Each structure stands twice: as C-alpha cells, then as structure tokens.
Number of protein chains: 2
Amino acid sequence: MDPIICTVDVVLLTLQDDALKVALLKREREPYQGVAALPGGYIHVESDADTHDAAMRMLRDKAGIVPPYLEQLASFSGPARDPRGWSISIAYYALVPSALISQQHVLLADVDSTLQLPFDHKSILDAAVQRLRSKSQYSSLPCYLAGETFTLPQLQKVYEVLMGEPLNKVSFRRKMDEMDMLEAIEGKMMASGAHRPAQVYRLKAAYRKRLQLLERGL
Amino acid sequence: MDPIICTVDVVLLTLQDDALKVALLKREREPYQGVAALPGGYIHVESDADTHDAAMRMLRDKAGIVPPYLEQLASFSGPARDPRGWSISIAYYALVPSALISQQHVLLADVDSTLQLPFDHKSILDAAVQRLRSKSQYSSLPCYLAGETFTLPQLQKVYEVLMGEPLNKVSFRRKMDEMDMLEAIEGKMMASGAHRPAQVYRLKAAYRKRLQLLERGL
DNA sequence: CCAATAGTGTCTCTGAGACATTATCCC
DNA sequence: GGGATAATGTCTCAGAGACACTATTGG
C-alpha cells in the first residue's frame with residue numbers, strides 16, 4: 001500500500017486597512033517552488049504531539065508567530081490535490097492582530113481577490129473565510145483579530161468588516177454587554193481626532209483562551 | 001520518516017425509542033479485536049477518491065447502509081490514540097432513519113450512556129453528538145433522522161430529543177413554514193390512535209441533499 | 001359524547017433597530 | 001462655540017412563546 005502524504009496547512013488571517021487578509025509564503029521547495037502558498041508542511045512524527053501542535057510549529061518556524069487563536073478547519077484529501085500522490089492535508093486557521101505579523105516574512109493578500117494558489121489552497125482558504133464569517137455572527141471570535149486592547153468602535157468595525165455590513169451601534173453594544181466578556185481599562189481612553197475619546201477595553205482573562213457564544217446571533 | 005497510519009472512522013447516528021443512538025461494530029481484527037467500536041478502517045489509496053468516499057465505502061461494506069447525510073466532523077491525531085503508532089483518523093458523522101439499520105449487523109448504544117470505546121472513539125462520538133445538537137438548533141439537519149415521510153408532531157419530537165427540551169408547537173410550525181422546505185403529501189394522513197390524524201410531509205426535492213439554515217435559531 | 005391529539009388564531013412580552021440626545025474631545 | 005465622534009436613553013415594530021380554541025379521529 002502506497003503511503004499517504006500527510007501535511008498540515010494553515011490559513012493565517014488578519015485585518016489590515018479594514019480588509020481581511022491571508023498570509024502567504026513563497027514555497028521553498030518543489031512542488032510549486034517559489035509560488036506563494038499557505039504555510040504548511042509535513043507532520044513530524046518524532047516531535048509533533050498532534051496536528052494542532054504541527055500547525056503551531058509551522059506558524060512559529062515559518063512566520064515567527066504564536067497565534068492567539070488556532071482552530072482545526074477540516075481535512076482535504078484525494079489523489080489529485082498534490083502532484084506527489086494521494087495526500088491528506090489537515091487544515092487549520094489562525095487569527096492574529098496585524099501588529100503580530102512582520103511583513104518581511106509573509107505576503108498579505110486580500111481574501112476576496114481572485115487569488116491563484118497552488119494545490120487546493122484556494123478551496124482551503126475559502127472554507128476558512130466562510131467558517132470565520134459564520135462564527136463571527138454569534139461569537140466573540142473577531143476579538144482575536146482586534147489585538148489585546150481596543151475601543152468599542154474599533155471592535156464594531158472589526159465585526160462589520162467580517163460580516164460585510166454595517167451594524168447598529170446600540171444593538172452591538174447591548175450584545176457586547178450581554179456577553180459580559182469585556183472589561184474597561186479604568187481611565188484609559190483612546191483619542192483619534194477632534195472629538196470625544198473612546199474607552200479602551202480588553203477581554204476578561206477568562207475569555208482570552210475561550211470563545212463566548214451568543215444565543216441569538218449578533 | 002515513519003509512515004502515518006491514516007484511517008477513517010464514522011459516527012453513525014440514529015433515533016430509536018426517542019433517544020439518540022450510535023451504531024457500533026465488533027472489530028474484526030487487532031487491535032481491540034472483538035471490541036465494539038465505531039465503524040472505520042484504512043483509506044484505500046487505489047480505490048477511494050477521497051476520505052468522504054472512504055467513509056461511504058465503510059458504511060456500505062460494514063453496515064450495509066447508504067446514508068442520506070454524511071459530513072466530515074474533524075480529524076484526530078497523535079502518537080498515543082492507536083497502539084500501532086502515530087495515527088490520523090478523519091472522522092465523519094452520518095445520520096440515518098432507524099428503519100435503514102439492520103440490527104443484525106450493528107449494535108445500537110445510547111450516546112448519553114457511559115460507553116467504553118477503544119482508541120479515542122469516545123471523544124469522536126462526543127464531538128459528533130455535540131456537532132449534531134448544535135446544528136439542530138438552526139438547521140434542517142434533524143430531518144435526516146426522521147425518514148422519508150413524517151408528520152409535523154413526529155418531526156417536532158425529533159427536534160425535541162436532539163435539543164433535550166420541549167418546543168413550543170406554534171413557534172416550531174412557524175419555523176418549519178418559514179424554512180419552506182416541506183411539502184404536504186396531498187390526502188395522506190397518519191392516524192395513531194383515537195384522535196385526529198396528522199398530515200404527512202416530506203422534504204421538497206431541493207432540500208433532500210442540502211441543509212436549510214435559519215437566521216435566528218429554531 | 002368523551003378523550004386525545006392535530007392544527008390554528010391571537011395576545012403579550014422580549015428584544016433588535018431607529019432615532020434622538022447628551023458627553024467630551026480638538027480646533 | 002463648532003464640529004466630530006463616543007456613549008446612552010427611548011420609541012417602535014417584529015418575532016417568539018403562551019394560551020385558547022377549533023378540528024377530527026376512535027371508542
């Protein structure tokens with residue numbers, strides 16, 4: 001029985017200029033050497049505790065990033081997706097604030113542009129974006145794109161970019177309040193022009209490693 | 001590099017006696033020969049088009065079932081989950097009306113009982129049940145457990161078993177109406193005692209292979 | 001006619017959005 | 001003070017649940 005090629009690929013997503021971007025790396029080896037692709041590679045049986053661990057390793061080694069959020073997306077398989085033979089890729093997606101990304105290492109591309117990617121990486125990317133947008137509707141997932149501290153108007157903008165539509169300010173604040181996962185940083189305000197500064201918030205410690213779900217969507 | 005053991009496992013779920021059950025098979029080979037486990041096996045590189053195809057093959061060959069619904073759940077990996085070595089299992093879950101299951105072939109166990117299962121099959125089962133219950137809140141997924149035709153009271157009961165709580169009859173019917181995916185079978189009623197018989201419905205053709213999602217949960 | 005369940009009409013209350021008002025900054 | 005955005009109060013309308021009532025069967 002031919003061995004199956006087992007790899008892990010990571011869709012690293014961030015927000016830049018009010019748009020959702022994916023981090024791509026030029027491939028160091030064949031196949032598709034030099035082509036921009038999702039960070040990925042072989043599983044290391046000797047050192048990886050599981051595929052999640054392998055995904056963390058790839059982000060650390062190839063992009064220098066320890067993501068605040070990393071979740072398994074799905075696996076992609078078949079004889080044709082990799083020219084080397086029958087393969088399985090366990091795909092993950094990671095969310096990071098853009099401040100964590102050094103653009104020396106990676107290339108950021110708009111997820112909605114008509115990207116050409118090798119293998120079935122376009123399908124993987126599309127699945128990741130769909131998952132993120134879907135979960136954004138009823139969870140605190142977008143907070144991982146917003147950085148450690150943020151104002152409510154900034155967070156609302158993050159949600160709006162992900163959902164692709166403007167949100168009602170009063171309702172948005174009611175929902176954030178209902179989720180009860182943010183804490184105001186006493187006395188810390190953020191000014192951005194000739195107007196009232198906004199209160200700065202952060203995730204409560206209990207929610208920094210865990211999603212908060214909403215009953216009825218955002 | 002040691003090859004990675006690649007398998008597919010399927011969580012086959014059905015309703016019986018108003019309870020959610022999982023289909024188990026006695027394992028034919030080592031490891032855990034003779035122990036009840038999730039249907040599963042090696043991927044066949046020569047004949048399987050992908051892991052979904054492999055899952056279908058296992059249900060067909062081992063349980064004689066062609067499921068109306070089969071979805072990838074997640075993959076499970078690591079050095080310890082299989083005594084043979086570092087392994088990956090791509091897990092799927094399938095929904096079938098209990099009428100399709102011949103109990104000669106399989107064993108049905110209550111998913112909420114404290115089952116002992118080999119490998120990490122208990123984790124896989126738990127993940128499948130959680131996914132099913134979660135999706136039941138806002139989709140037509142439970143219809144695949146109800147059989148080809150059913151009455152609204154029957155379908156409501158299916159939803160109630162999955163959600164673990166009684167539902168409001170008026171709201172439930174409003175939602176089913178709003179989803180617009182059922183069609184009454186003209187003149188066909190189902191009587192079940194000394195009372196008014198219920199209208200029999202089926203899924204509209206367009207929804208037999210595709211889920212219908214709700215904006216605001218059921 | 002009675003018991004039992006199917007199916008529907010309608011009231012109420014919660015909650016989301018729209019709108020308006022106040023607060024607080026820089027110029 | 002004026003302009004801009006932050007933050008909050010409040011009105012309205014839609015939708016979900018509660019309740020009640022009608023419909024239709026077997027006994």
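These numbers were taken from a predicted model, which means no experiment stands behind them.
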**Q** In whole angstrom, give the distance that lies between atom CE of B:Met176 and atom P of C:dA6.
**A**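 Distance, rounded to whole Å: 16 Å.
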
**Q** Roughly how many Å is it from CD in B:Glu215 to P in D:dA16, rounded to a whole number?
**A** 11 Å

**Q** Whether B:Asp110 and B:Lys21 form a salt bridge (side-chain N of Lys/Arg under 4.0 Å from carboxylate O of Asp/Glu) is what I want to check.
**A** no

**Q** Assess whether a salt bridge exists between A:Glu183 and A:Arg202, defined as any Lys/Arg side-chain N lying under 4.0 Å from an Asp/Glu carboxylate O.
**A**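 Yes, charged N to carboxylate O under 4.0 Å.
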
**Q** Which whole-number value in Å describes the distance from A:Met190 CE to D:dT5 C1'?
**A** 14 Å

**Q** Can you confirm whether or not the ring centre of B:Phe119 sits under 6.0 Å from the ring centre of B:Tyr32?
**A** yes

**Q** List, with names and distances, any nitrogen or oxygen atoms from the protein found under 3.5 Å away from nitrogen or oxygen atoms belonging to nucleotides 23-26 of chain C.
**A**
residue, atom, partner, partner atom, Å
C:dA23, O4', A:Arg196, NH1, 3.2
C:dA23, N3, A:Arg196, NH1, 3.2
C:dT24, O2, A:Arg196, N, 3.0
C:dC25, O2, A:Ala194, O, 3.3
C:dC25, O2, A:His195, N, 3.0

**Q** Does a salt bridge link A:Arg133 with A:Glu160, judged by any charged N lying under 4.0 Å from a carboxylate O?
**A**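 A:Glu160 and A:Arg133: not salt-bridged.
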
**Q** Using a 3.5 Å distance criterion without hydrogens, assess whether the side chain of B:Asn168 forms a donor-acceptor pair with backbone atoms of B:Ser171.
**A**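 It does hold such a pair.
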
**Q** Round to the nearest Å and state the distance from B:Gln156 atom CD to D:dG17 atom C1'.
**A**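 After rounding, the reported distance stands at 12 Å.
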
**Q** Rounded to whole angstrom units, what separation is found between the CD atom of A:Glu178 and the P atom of C:dG17?
**A** 12 Å

**Q** On DNA chain C, check which nucleotide each of A:Arg216 and B:Gln199 is closest to and give me the residue with the more 5' one.
**A**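 Its nearest nucleotide lies further toward 5', so the answer is B:Gln199.
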
**Q** Closer to the 5' end of DNA chain C via nearest nucleotide, is it A:Gly217 or B:Val200?
**A** B:Val200

**Q** In residues 159-174 of chain A, which residues come under 4.0 Å of DNA chain C by heavy atom?
**A** A:Asn168, A:Val170, A:Ser171, A:Arg174

**Q** Does the pair B:Arg57/B:Asp53 count as a salt bridge with the N-to-O cut at 4.0 Å?
**A** no

**Q** Figure out the NZ/P separation between B:Lys175 and D:dA14, and round it to whole Å.
**A**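 The answer, rounded to whole Å, is 15 Å.
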
**Q** Atom CG of B:Leu152 and atom C1' of C:dT8: how far apart are they, to the nearest Å?
**A** 13 Å

**Q** Specify the closest pair of heavy atoms between A:Ser140 and A:Tyr159, including all atoms of both residues, with the distance to one decimal.
**A**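 Between these two residues, the closest heavy atoms are CA-OH, 3.4 Å.
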
**Q** Can we say B:Arg131 and B:Glu71 salt-bridge, meaning some charged N sits less than 4.0 Å from an Asp/Glu carboxylate O?
**A** yes

**Q** Can you tell me how far C1' of D:dA7 sits from CD of A:Gln154, to the nearest Å?
**A** 15 Å

**Q** Give a yes or no answer on whether the side chain of B:Thr14 reaches the backbone of B:Ser98 with a donor-acceptor pair at less than 3.5 Å.
**A** yes

